[in-house]
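Predicted model, so just to flag it, every value in this text is computed and none were measured. For ligands, and for the atoms within them, numbers begin at 1 and follow the listed sequence.
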Amino acid sequence: MTLHPFHPPGRGRQYTALRGLSELVMRSLFHGDWPARAWDRMPGRALVERLDHRICLDPARPRPTPLRIAFASDLHLGPTTPESVLDRAFALLSEAAPDVLILGGDYVFLEATPARARELRDRVRAVPAKVKLAVMGNHDLWTHHGLLEDALAEAGARVLINDAVRLPSPHDDVAILGLDDPWTGEPDGARAVAACGDAAVRLGVCHSPDGVPFMRGRGVSLLLTGHTHGGQIALPGPRPIIVPGPLGKRWPFGLHREEDLTLFVSRGVGTTELPIRTFATPDIAVFTVT
Ligand SMILES: [Fe+2]
């Protein structure tokens with residue numbers, strides 16, 4: 001039970017007095033979304049990198065039809081994410097024409113308003129993918145996440161909370177699980193894996209790389225995550241300065257091998273706190289699973 005006057009409207013844990021106070025100040029300071037509009041006038045502001053990765057699950061059993069997955073995380077609709085960045089990210093997702101679109105959570109920053117929920121619905125709906133899956137992030141769980149869950153459902157995306165989906169043919173040997181946010185939600189790795197049933201291939205999505213301990217040793221081949229923003233403000237190298245989460249510090253972005261698990265950490269699309277990124281270019285990723 002929290003002992004301070006700031007209670008989030010959502011089910012998210014870890015909402016501290018400092019977080020509540022800073023969000024109250026930012027809601028007032030950023031009224032009218034002027035930081036995103038100001039940043040939208042900067043040259044090069046709409047740079048979003050498409051990362052292409054080819055993942056070979058089992059060289060002895062090549063897939064007759066490769067499975068194409070597009071992944072985007074941390075959209076952060078709100079006062080610090082320019083429209084042009086979101087336009088570019090969604091154009092890249094549509095261009096990829098994936099079999100499956102996966103969204104890694106943190107759809108908003110500060111508040112899930114009906115207008116932001118409609119924007120999320122329309123953007124996700126426009127991506128041509130047969131299967132769309134989503135998990136919630138910490139910023140979603142701290143606000144009216146029901147609005148976002150409804151918007152995603154209207155866009156054809158299934159929100160996975162410690163649950164899984166079996167893909168349709170010709171990829172019906174694959175299940176994709178979604179783990180609830182490890183920091184602010186109620187993650188249950190055993191339940192999410194059990195929901196995969198007898199699928200020969202298990203892939204996963206979780207908002208943060210802190211989901212890795214819940215997936216280790218459970219036969220999950222690939223885990224897609226975000227949350228870190230690659231530090232958002234980083235030094236050349238790139239060397240992130242501040243990265244949230246204990247495992248985010250270890251894996252701030254990119255592709256990593258952790259025992260039998262391949263981990264991907266996206267730098268995300270949008271921004272929080274300030275509309276600025278340095279040496280942490282927004283990204284979306286396209287995986288060809290063979
Ligand atoms: Fe985020």
Side-chain angles (χ1 to χ4, degrees), residues 8 10 12-16 18-19 22-23 26-27 30 33 35-36 39 48-49 51 71-82 85-86 89-90 93 102-113 116-117 119-120 123-124 134-145 148-149 152 159 178-185 187 205-212 223-234 238 240-254 263-285:
R13 299 178 290 119
Q14 313 289 352
Y15 195 81
T16 61
L18 183 63
R19 164 61 52 187
S22 69
E23 289 200 354
M26 282 188 282
R27 269 201 291 275
F30 297 165
D33 297 353
W39 190 247
V48 180
E49 201 176 345
L51 306 172
F71 177 62
S73 190
D74 298 82
L75 303 175
H76 288 300
L77 274 62
T80 52
T81 301
V85 173
L86 292 162
F90 275 88
L93 292 171
I102 302 184
L103 300 169
D106 270 9
Y107 303 99
V108 292
F109 174 49
L110 293 182
E111 253 182 311
T113 62
R116 285 175 194 155
E119 183 182 346
L120 176 66
R123 287 188 183 279
V124 174
V135 290
M136 293 281 124
N138 52 298
H139 285 275
D140 309 316
L141 296 182
W142 286 331
T143 182
H144 302 278
H145 49 85
L148 304 172
E149 287 157 0
L152 289 163
V159 178
L179 183 72
D180 202 19
D181 181 47
W183 181 32
T184 60
V205 55
C206 173
H207 178 57
S208 151
D210 291 313
V212 166
L223 183 67
L224 306 177
T225 68
H227 182 55
T228 62
H229 299 196
Q232 190 169 309
I233 294 175
I241 303 165
I242 300 170
V243 183
L247 294 179
K249 288 171 183 57
R250 184 166 164 195
W251 300 303
F253 60 88
L263 168 70
F264 175 70
V265 186
S266 168
R267 290 182 302 240
V269 173
T271 63
T272 55
E273 326 297 333
L274 291 169
I276 297 168
R277 280 179 179 261
T278 58
F279 301 99
T281 307
D283 66 42
I284 66 109

Among all residues two or more places apart in sequence or in another chain, which pass the side chain to side chain contact (heavy atoms under 4.5 Å, CB included) test with T184? Q14, N138, L141, W142, D181
Are the side chain of R13 and the backbone N or O of G185 linked by a donor-acceptor pair below 3.5 Å? yes
Whether T80 side chain and A36 backbone form a donor-acceptor pair below 3.5 Å: no
Across all chains, not counting sequence neighbours, the salt bridge (Lys or Arg N to Asp or Glu O under 4.0 Å) partners of D210 are none
I276 atom CD1, over 12 foreign heavy atoms within 6.0 Å: yes
Closer than 2.8 Å to the Fe ion (ligand 1), which protein N, O or S atoms? D74 OD2, H76 NE2, D106 OD2, H229 NE2
Does A285 have any side chain to side chain contact (heavy atoms under 4.5 Å, CB included) partners at least two apart in sequence or in another chain, and if so, which? L51, F264, F287
